[in-house]
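Predicted model only: the values in this text are computed from it and were never measured.
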Amino acid sequence: TSKDNISFLYFDGFKIKDGRSPGTSNILFDAPTATYHQDNAYTDTPLHGLWKIADDHVFGPRLFVSALYAYYNTGFVLDPIGGLDMQAGRSFVTASSYGSINQSLNVRPQHTATVDARSFLTGFGGSHELKYGLGWRRTEAISGTLWPGNMILAIERSPTDLQAQVFREGYGGNRVNYLHFYVGDTISRDRLTVDLGLRYDRQNGKALPSQTRPNAAFPDVVPGLVFEGYDTPFTWNNWSPRVGVTYALTEDRRTIARASYSRAAGQLNTGTVGVMNTSSVAGSATYRWTDLNGDHFAQAEEVDLTQRITAAGGFNPANPTAITSSNVLDPNLKAPVTHAFVAGVDRELMPNLAVGVTYSYTRTTDLFGNFSGTITPRIGLTRDDYAPGPGFSGTIPFYNIDYDIPTWIPDSAAITAGGSGFLTTNVPGYYTDYHGIELSLVKRLANRWMGRIGFSFNNAREHFTDPAGMYDTNGNPTRTVTEPLVNGGQFAPQSGGSGSGTIYINAKWQFNANALYQAPYGIELSANVFGRQGYPFPIVRTGTTAALGADSTLTVLLTPEIDTLRYPNLWNTDVRVARNFQAGPLSDVRLILDVFNVFNANTALVRVNDVTSTRFNQLAQNLSPRIARVGLVIGF
């Protein structure tokens, strides 16, 4: 109608991939049967994909309101290429996997409803663009994990340290509810623009009821369970203000200064809601194992049930049929909070050519994890419950770096008393910050060419202001590759699913330049040059029972800091040649030739970084070689 625009959208996309690597840390060479076939997965609801209906309503020349509801039924499944009949094994000695791998089901249904309004007003000597609204969202994460064969993962940590991880099925779901209100005003007066805003967020969740299957080989040792569900013991309520100022320093408005401050609360995720959900992860107990037939797999008769090493996934060996986890979700858990300040100046040097400089600072506090995962101390253990271990010492081959790393062993009696559980709580005194400076030169399209040059300096660090928070993900004070425990050290979170080993994301500088030229005869020539500092290359070793006890699964950092060594700086150049044609009834035909990595650089991106591996320092991933691609775009 003249006042309403009602729209409906349906969309479903597919990603199907064979041979996807599990991306297991320190396992760089996957058996083909231990890779995945990826496909779509949905809930039982027949509405697959995204369904959305919206109404944009005009109440008058000064008020517009938009409302929508959407249901997004999406997810994916990772089926092992080797199927569910083969056994599974992996060796950190050879950095290789054997046999098959677990099946992973991930379904993510989501409901969303929002109402947003915009009003245009005048007053107080300026014009106002007022934005306000509210929204509700419910997100679920339904996860299933099923290990193949006898449901035992055989792990060779060293030639003399063989471990058998006995799994039960994991199948369950967690739900998060989000509610928000916001109001903001953009005030314009002459050369000054002020942006003010305030947002309120309310977040909580629940674990959904479920039932799982026991271990196939030892159903009485690691049984299945019937899980009744629970609500989170907390509700997050956060206010987030923001203010921004933009001012034209000159009457001609060729020089613009800007500054802004914002405070934002972190989003509650389903993984945090489910830390006590014993069904949504595959609980396990790990035992000693002897490979009697040398096949890299742990048969039931090769597992020594009298030598239990540890338990994981919320499984409590002292009470294996318990439907409640030994893990604890702190009822006083706070949302992480990020304070951000940005300031900059832009100057138009001449028509279509501008230069800019921007400084950014962020600080995130109340953390209970990093990008690599949640940092959870063991239940009931204090610093006094960790005894010094023998540590690791020696010289790193190829790099001639001496190391002498202390290790700490948790008290096994204290672990048992705490039910082998872990606590999700804010890490005392732990925060991250970031300083960044970006320089840019931008030439808008004029006189047949355009271009941009950008350079940034980045300094991302993590800090420990309280000794009580100097621990890794198990609460152990031993330095690991995910928690280096260096006050003021570089913050280098691990990537996920890289396929050929772990990448540690941290570059202190980055450069990018691109340009396009409109040549005669309708030909377009363009190029992009990208460069950055090499990412960190931390040297590690897998833990041992002698050095870490129940924390032998930790990966210990041997280099003084995570970025003591770095991969070579990366440079890459891509070019494109394109031309548009008119072809009869077709309004636009575009022929494209792209060449990626023009100079065929083969920069090392990932090497085997575990000194205990026989393949230590071997190249596992490098920059893709020069590739030429021909493309055809037809418009009609």
Side-chain angles (χ1 to χ4, degrees), residues 118 120 125-129 131 184-197 242-262 264 338-362 433-460 507-520 522-533 569-580 590 592 594 596 598:
R118 181 178 298 183
F120 300 91
S127 62
H128 302 260
E129 182 180 351
K131 300 178 182 178
D185 189 11
T186 301
I187 307 167
S188 300
R189 182 178 180 181
D190 194 22
R191 290 186 283 166
L192 176 67
T193 301
V194 178
D195 184 35
L196 302 173
R242 75 171 192 274
V243 57
V245 178
T246 303
Y247 185 71
L249 299 179
T250 58
E251 286 289 346
D252 59 8
R253 290 173 167 77
R254 295 178 61 184
T255 304
I256 304 293
R258 47 193 163 76
S260 66
Y261 164 78
S262 64
T338 297
H339 299 265
F341 173 76
V342 179
V345 176
D346 296 312
R347 170 68 178 174
E348 186 181 54
L349 302 177
M350 60 181 66
N352 302 312
L353 181 64
V355 63
V357 58
T358 302
Y359 167 74
S360 302
Y361 173 74
T362 63
D433 67 1
Y434 167 81
H435 294 269
I437 297 177
E438 181 179 3
L439 305 174
S440 64
L441 181 66
V442 179
K443 166 65 169 63
R444 292 188 291 271
L445 181 61
N447 301 321
R448 306 173 69 96
W449 75 279
M450 62 183 291
R452 182 185 185 278
I453 299 175
F455 176 82
S456 63
F457 171 79
N458 316 290
N459 189 18
K508 292 184 178 180
W509 62 265
Q510 183 168 299
F511 172 85
N512 197 81
N514 53 67
L516 178 144
Y517 174 65
Q518 296 175 328
I523 297 174
E524 291 183 357
L525 305 174
S526 57
N528 188 87
V529 178
F530 172 78
R532 63 161 171 80
Q533 184 186 32
N569 296 337
L570 183 147
W571 289 94
N572 183 57
T573 301
D574 304 326
V575 299
R576 165 176 285 194
V577 180
R579 190 181 189 282
N580 288 358
R590 184 173 175 82
I592 303 169
D594 291 313
F596 303 100
V598 171

- prompt: Should Leu353 and Leu441 be marked as a side chain to side chain contact (heavy atoms under 4.5 Å, CB included) after you check the CA-CA gap, both sets of side-chain angles, and the distance that decides it?
  reply: CA-CA 7 Å; Leu353 181 64; Leu441 181 66; 3.9 Å; yes
query: What's the verdict on side chain to side chain contact (heavy atoms under 4.5 Å, CB included) for Ile523 and Tyr517, showing C-alpha distance, side-chain angles and the deciding distance?
result: CA-CA 8 Å; Ile523 297 174; Tyr517 174 65; over 6 Å; no
statement: Smallest heavy-atom separation, Glu129 atom then Lys131 atom, equals OE2-CE, 3.2 Å
Distance in Å, Arg576 CZ paired with Ser526 OG, rounded so as to fall on 0.5 Å steps: 6.0 Å
message: Rounded to the nearest 0.5 Å, what separates atom CD in Gln533 from atom CG in Leu570?
response: 11.5 Å
query: How far does CZ of Phe120 sit from OG1 of Thr186, to the nearest 0.5 angstrom?
result: 10.0 Å
query: Is there a side-chain contact between Tyr361 and His339, using heavy atoms and a 4.5 Å cut-off?
result: no
query: Donor-acceptor pair, Arg254 side chain versus Glu348 backbone, under 3.5 Å?
result: yes
task: For residues Thr358 and Arg258, determine if any side-chain heavy atom of one lies less than 4.5 Å from a side-chain heavy atom of the other.
output: yes
query: Do Tyr359 and His435 get their side chains close enough for a donor-acceptor pair, meaning under 3.5 Å?
result: yes
task: Identify the heavy atoms of Phe457 and Tyr434 that sit nearest to each other, and give their distance.
output: O-OH, 4.4 Å
message: Test your reading of the model: is there a side-chain donor-acceptor pair from Lys443 to the backbone of Trp449, 3.5 Å cut-off?
response: yes
statement: Phe596 and Asp574 have their tightest heavy-atom pair at CA-OD1, 3.2 Å
- request: List in chain and number order the residues that pass salt bridge (charged side-chain N to carboxylate O under 4.0 Å, His left out) with Arg189, two or more places apart in sequence or in another chain; answer none if no residue qualifies.
  value: none
- request: Say whether Asn514 and Arg452, considering side chains only, have a donor N or O and an acceptor N or O under 3.5 Å apart.
  value: no
- line: Taken to the nearest 0.5 Å, the spacing of Leu196 CG from Ile187 CD1 works out to 5.0 Å
query: Aromatic rings Trp509 and Phe455: how do their planes relate, parallel, tilted or perpendicular, breaks at 30° and 60°?
result: parallel
Atom of Asp346, atom of Gly356 and distance for their closest heavy-atom approach: OD1-CA, 3.4 Å
For Ser262 against Arg242, the heavy-atom pair lying closest together: CB-CB, 3.9 Å
- request: Can you measure from CG (Asn572) to CZ (Arg532) and round to the nearest 0.5 angstrom?
  value: 10.5 Å
task: Indicate yes or no for a side-chain donor-acceptor contact from Asn458 to the backbone of Ala507 under 3.5 Å, with no hydrogens or angles considered.
output: yes
- prompt: From Leu192 CG over to Thr246 OG1, what is the distance, rounded to the nearest 0.5 angstrom?
  reply: 8.5 Å
- prompt: Of the non-hydrogen atoms in Arg191 and Arg253, which two are nearest, and what is the gap between them?
  reply: CG-NH2, 3.4 Å
- prompt: How would you list, by chain and number, every residue that makes a ring pair (Phe, Tyr, Trp, His ring centres under 6.0 Å) with His128, sequence neighbours excluded?
  reply: none
